[in-house]
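Report on the following structure.
Computation of the quantities below employed the complete heavy-atom set of this structure, encompassing side-chain atoms and omitting hydrogens, waters and symmetry-equivalent molecules. Quick caveat: nothing in here was measured; it's all calculated off a predicted structure.
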2 protein chains.
Amino acid sequence: MPRKRSKYHHGDLRAALIRAADDLITEGGIETFSLRAAAQRAGVSPAAPAHHFGSAKGLLTEVALLAYERVAQYLAEVGGSADPVADIRALSLAFVTFALDHPGHFRLMFRNDLVNRDDPRYPEIAIKPGERLALALAAYQGKSGMDLDRFEDAADIFCALSTLHGLADMVLAEKAAPFFRKATSRSFVKKQLPKVLERLYPRKKRTRI
Amino acid sequence: MPRKRSKYHHGDLRAALIRAADDLITEGGIETFSLRAAAQRAGVSPAAPAHHFGSAKGLLTEVALLAYERVAQYLAEVGGSADPVADIRALSLAFVTFALDHPGHFRLMFRNDLVNRDDPRYPEIAIKPGERLALALAAYQGKSGMDLDRFEDAADIFCALSTLHGLADMVLAEKAAPFFRKATSRSFVKKQLPKVLERLYPRKKRTRI
DNA sequence: CCCTCAATCTAAACGCCGTCAAGATATATT
DNA sequence: AATATATCTTGACGGCGTTTAGATTGAGGG
């Protein structure tokens, strides 16, 4: 459809605004985004988004939901091999890599002041990365699956996910520097993080302490 | 000193503004804070803070530095026993408890857009919680200390710190609910988290996978 | 085919925000 | 006492999200 077939009807403004917001966040993080900037990029007035999304939070919720799907894509591109150890490491690395590739989106996903957590689509989309990791963790632990009703399983998954989130968030916040000599966050993820993950998920059984 | 000895001289505006900002963040998180609100609470005009802190970032940097010291206080109140296992668990619990008690400050500490990371006081203050945890982790691992020049030590500390940060951030973001049946974040930290930490830092040696 | 009507977007305004420039005032210095 | 400096106010600017009223467009029913 045409980009603008008339002054008062964009054509597909809803999708255009989501794309504009997504691009803004990609380019400069959440602090670059503003509802007016997204509207301007879509070629409409500042008040136009309100009709489609209600508020800035509504638009950012769409962007966040897309971001969760993007995480799932990152995780879908690795793992699935016959080697559970390699799988869990690769998944972990992919998770942090997503954060490094899309820092604005990664941070947005944890900004409950900017994202509507009551959106009915949220629970099933947001849980998918956790489910993917749970399967890999079960295989790593030599189990056939995880049961969230078992406290031990839930605790292990939650801890593993928290560690990955923490690693990513620490790297993005430039909090890794005191512990590793590194130039950039990217070099850390490429060079040091794989070795860290080897230590976190060792191949050989070893006593824990 | 008097709260206001004259119209144009507050007396100790700098401290009053820091306190006002700290209180605002305590009451309603970072989204409640504004430079104008802090100024109003201190009883001065919106432009007054500029002279003492340059910008909102300058004021928030002071609040963030205070928050790091508060984390250190939380960590100082536990541990130090003859039981390394109990210590590392208690420290971990204290860390997450701080996040739950001061969610606004916890989040502020990771907002590099709001805090001046180039402040000369930052490195030595921000590293202290990590150092405290490093000692406890060394004891837990049966070592006398940690050497950040050893990659294995740096990796272990960074992972442990990332896990704690991740746990806290996940809890604050209400991301623990899918994994645990719980009413509030507070009840999770009180009831389930100690058991999670027992699993994370077991007393008996066991094979890791 | 036209006419009505609902959907869509604009224009203008409101009250916030952080920040800057200029001016007023109080304290410190000489 | 006179001057200088530090401190705070006033007023303004541009940007923000959002609201209200109005203009325009596309669609469906006679």
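Atom-to-atom, CG of A:Leu60 to P of D:dG17 comes out at 9 Å; the value is rounded to the nearest Å. A:Glu31 places its CD atom 14 Å from the P atom of D:dC16, with the value rounded to the nearest Å. Atom pair A:Arg14:CZ and C:dC9:P shows a separation of 12 Å (rounding to whole Å applied). Taking atom CG of B:Leu24 as the reference point, atom C1' of C:dG18 lies 15 Å away to the nearest angstrom. Protein atom CG of B:Asp12 is 15 Å distant from nucleotide atom C1' of C:dT27, rounded to whole Å. Spacing between atom CG of A:Leu59 and atom P of D:dC16 amounts to 14 Å, rounded to whole angstrom units. For the pair B:Gln40 CD and D:dT9 C1', the interatomic distance rounds to 15 Å; values are reported in whole Å. Note: NE2 (A:His10) to C1' (C:dA7) measures 16 Å, nearest angstrom.
At C:dT8, none of the side-chain N or O atoms of A:His9 fall inside 4.0 Å of OP1 or OP2 (strictly under the cut-off). Contact annotation: B:His52 side-chain N/O to D:dA6 OP1/OP2 distance is not under 4.0 Å.
Between B:His105 and B:Phe98, a ring centre-to-centre spacing not shorter than 6.0 Å is recorded. A centroid separation of less than 6.0 Å is found between the aromatic rings of A:Phe110 and A:His165. The six-membered or imidazole ring of B:Phe158 lies near that of A:Phe188, with a centre-to-centre distance under 6.0 Å.
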Item to check | Contact letters for nucleotides 18-23 of chain D, in which S counts primed atoms plus P, OP1 and OP2 and B counts the base, heavy atoms under 4.0 Å | outcome: BB--BB

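With distances taken from any side-chain atom of A:His51 to the nucleotides C:dA7, D:dC8, D:dT9, the minimum falls on C:dA7.
For B:Asp153 and B:Arg150, the salt-bridge test passes: some basic side-chain N is under 4.0 Å from an acidic carboxylate O. In summary, B:Glu69 and B:Arg121 do not engage in a salt bridge, as defined by a charged side-chain N under 4.0 Å from a carboxylate O. Using a 4.0 Å cut-off between a side-chain N of Lys or Arg and a carboxylate O of Asp or Glu, A:Glu31 and A:Arg107 do not qualify as a salt bridge. The pair B:Arg41-B:Glu27 meets the salt-bridge criterion, with a side-chain N (NZ, NE, NH1 or NH2) lying under 4.0 Å from an Asp/Glu carboxylate O.
In this structure, B:Ser34 reaches the sugar-phosphate backbone alone: every heavy-atom distance under 4.0 Å involves primed, P, OP1 or OP2 atoms, never a base.
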